[in-house]
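This report concerns only the one structure given below.
Predicted, not measured: the structure shown is a model, and the values here were computed from it. Just the heavy atoms: all of them, side chains too, but no hydrogens, waters or symmetry mates, feed the values below.
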Amino acid sequence: MKYSQMLLGVYVVWVIMKLSETSKITLWGDLGKMFEPKLYEKDNGPVIVIVTSTTIKNFRGEVSYSTTTASKIYINLKTDYVASLVEKFSTISNGVEVIERSNVNKISPEEEMFLNRMNIEELLKTDWSPQLKEYFLTVRGKITEIDNTFGWYYISCQKCFRKLELEDGVYKCSKCNNKCDYPLVKYKIHIKVEDKTAETTLVIFNDIAESLLDTAANKLFKQTTNDVPTEIQSLCGREFVYKLKLNTFNLKYGHENFTVSKVFNLNEKLEEQDELKKKKDHKEKNNNTNEENENKNRKELHFKDITAAKDLEDSDEDYHHSIFVKL
């Protein structure tokens, strides 16, 4: 098995399908954390993985798989069939081999932080298309408030990482259809963000919040109060660039609460360069538009001159014709 961590929350695993075949599966979010290389030692024998509810793609003859929100992963399941696979693959090198991330379709952080850059007013006016399932863009804004209407955390299942419901004093997972003995505390922070044009609400989930706060949610969690911890409140007044993932919830139905997929620290030098580039592009666009209008006006004037000359010629012929008739 080969393992590679891609962008934040995305993991790619190459698995052996048959003795002579391998295939690639992309594990999104917390599912990928089940494949941390340190969890699988070479002496532990073959790792048999069963992944359910995946999407399948065939690109240039290469089949690849990707997890969905309904996916479940089973590792070395205790069944006769899995036991037979363990025996079958026992002659193959075991353990997880870490490989470097591929450079295919990779863009630098400096480029990524200006991907489809908008201001907040433009973001709120984004049009929806039936063909558009999701869309990535970036905005720059200052955090003005922590919106605690829905709380700053949620209690998660340790298996599927879905939100748990508390029933009769016991946390139960509707997806796993089972009680959760060891629930996890995870961040889900709603922040108010503004720029010079407007204000909106963004949602920061666990991995990004941990990197911003440099602490886990369970360390700030207190069962006696739902107040926002001072560590989270300290984000107010700070300015970042946010990479947002817009989906049908935002685009079609017009709801805010945009999901943050990545956060960048400000780089004023790059911001100035981008602003200068925008002004240059805008100026060139105006010049091209003016040139096109001038060419259009010239053509219209030329056409009017030709039409006027033709009218004059026709009028002159009519005049001579009328004289000839009189004579």
Side-chain angles (χ1 to χ4, degrees), residues 7-11 26-36 50-55 66-75 133-134 143 145-193 200-229 231-233 235 242-263:
L7 296 176
L8 183 63
V10 184
Y11 302 78
T26 302
L27 309 175
W28 291 90
D30 290 321
L31 289 176
K33 293 181 179 178
M34 299 174 68
F35 286 87
E36 288 288 350
I50 299 174
V51 186
T52 67
S53 304
T54 66
T55 59
S66 181
T67 58
T68 66
T69 55
S71 293
K72 290 185 179 181
I73 295 180
Y74 303 92
I75 300 174
K133 302 301 180 184
E134 62 181 28
I143 300 175
E145 180 186 348
I146 306 298
D147 184 356
N148 202 34
T149 305
F150 305 101
W152 59 270
Y153 66 90
Y154 69 99
I155 305 300
S156 158
C157 174
Q158 83 269 28
K159 291 183 179 179
C160 69
F161 307 108
R162 289 293 187 88
K163 183 178 179 180
L164 297 175
E165 301 296 335
L166 188 61
E167 298 179 12
D168 300 324
V170 177
Y171 283 109
K172 293 184 178 180
C173 179
S174 57
K175 183 179 179 182
C176 297
N177 195 27
N178 206 346
K179 72 173 184 177
C180 185
D181 296 323
Y182 303 99
L184 306 175
V185 181
K186 289 185 173 290
Y187 288 112
K188 185 181 180 182
I189 306 172
H190 293 71
I191 59 174
K192 295 284 187 182
V193 174
T200 190
T201 303
L202 310 181
V203 183
I204 300 177
F205 284 93
N206 193 72
D207 289 347
I208 296 173
E210 277 191 358
S211 65
L212 282 176
L213 300 169
D214 196 28
T215 188
N218 66 293
K219 294 182 179 180
L220 304 181
F221 174 69
K222 297 178 181 179
Q223 291 183 330
T224 57
T225 178
N226 287 324
D227 294 341
V228 180
E231 290 86 348
I232 298 177
Q233 289 285 9
L235 293 174
Y242 308 90
K243 182 180 179 182
L244 307 181
K245 179 182 178 182
L246 277 61
N247 51 31
T248 303
F249 176 81
N250 311 121
L251 296 166
K252 183 177 181 179
Y253 301 110
H255 299 302
E256 297 186 36
N257 294 338
F258 301 100
T259 299
V260 177
S261 64
K262 202 167 187 177
V263 174

### Task
List the steps and the verdict of side chain to side chain contact (heavy atoms under 4.5 Å, CB included) for Val260 and Leu244.
CA-CA 5 Å; Val260 177; Leu244 307 181; 3.9 Å; yes

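- Atom SG of residue Cys160 and atom CD1 of residue Ile73 lie 11.5 Å apart, to the nearest 0.5 angstrom.
- Between the side chain of Ser156 and the backbone N or O of Leu184 there is no donor-acceptor pair closer than 3.5 Å.
- Between atom CG of residue Leu213 and atom CD1 of residue Ile208 there is a gap of 11.5 Å, rounded to the nearest 0.5 Å.
- In terms of heavy atoms, Thr200 sits closest to Glu256 at OG1-OE1, 2.5 Å.
- Scanning both residues, Phe161 and Lys186, for their nearest heavy atoms gives CD2-CE, 3.8 Å.
- When all heavy atoms are compared, the tightest approach of Lys175 to Lys72 is O-NZ, 3.5 Å.
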### Task
Evaluate the criterion side chain to side chain contact (heavy atoms under 4.5 Å, CB included) for residue pair Leu202 and Val263; output intermediate values, then yes/no.
CA-CA 11 Å; Leu202 310 181; Val263 174; over 6 Å; no

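- In this structure, the side chains of Ile155 and Val185 come closer than 4.5 Å at one or more pairs of heavy atoms.
- Ring geometry, Phe150 versus His190: the interplanar angle falls from 30° to 60°, so the pair is classed tilted.
- One finds the CG atom of Leu212 at 5.5 Å from the CD1 atom of Ile204 (value rounded to the nearest 0.5 Å).
- The shortest heavy-atom contact between Tyr171 and Pro183 is CD1-CG, 3.9 Å.
- Residues meeting the side chain to side chain donor-acceptor pair (under 3.5 Å) test with Ser174, sequence neighbours left out: none.
- With Tyr153 as reference, Phe221 is the one residue of Phe221, Phe205, Tyr187 to meet the ring pair (Phe, Tyr, Trp, His ring centres under 6.0 Å) rule.
- Using modelled atom types, no side-chain atom of Thr259 and backbone atom of Lys245 make a donor-acceptor pair closer than 3.5 Å.
- Side chains of Ile191 and Ile146 form a contact here, defined as non-hydrogen atoms less than 4.5 Å apart.
- One finds the NZ atom of Lys219 at 8.5 Å from the CG atom of Asp214 (value rounded to the nearest 0.5 Å).
- Judged by distance alone, the side chain of Ser71 and the main-chain N or O of Ser53 form a donor-acceptor pair under 3.5 Å.
- Contact of the Asn178 side chain with the Cys173 side chain is not registered, since no non-hydrogen atoms from C-beta on lie closer than 4.5 Å.
- At least one side-chain heavy atom of Tyr242 sits under 4.5 Å from a side-chain heavy atom of Ile143.
- Heavy atoms only, all atoms of each residue included: Lys179 and Val170 are closest at CB-CG1, 3.8 Å.
- Listed by chain and number, the residues in a side-chain contact (heavy atoms from CB on, under 4.5 Å) with Asp227 are Thr225 (sequence neighbours excluded).
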#### Entry: Intermediate values then yes/no, side chain to side chain contact (heavy atoms under 4.5 Å, CB included), Thr201 and Val193
CA-CA 6 Å; Thr201 303; Val193 174; over 6 Å; no

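- Between Trp152 atom CH2 and Gln233 atom CD the span is 11.5 Å, to the nearest 0.5 Å.
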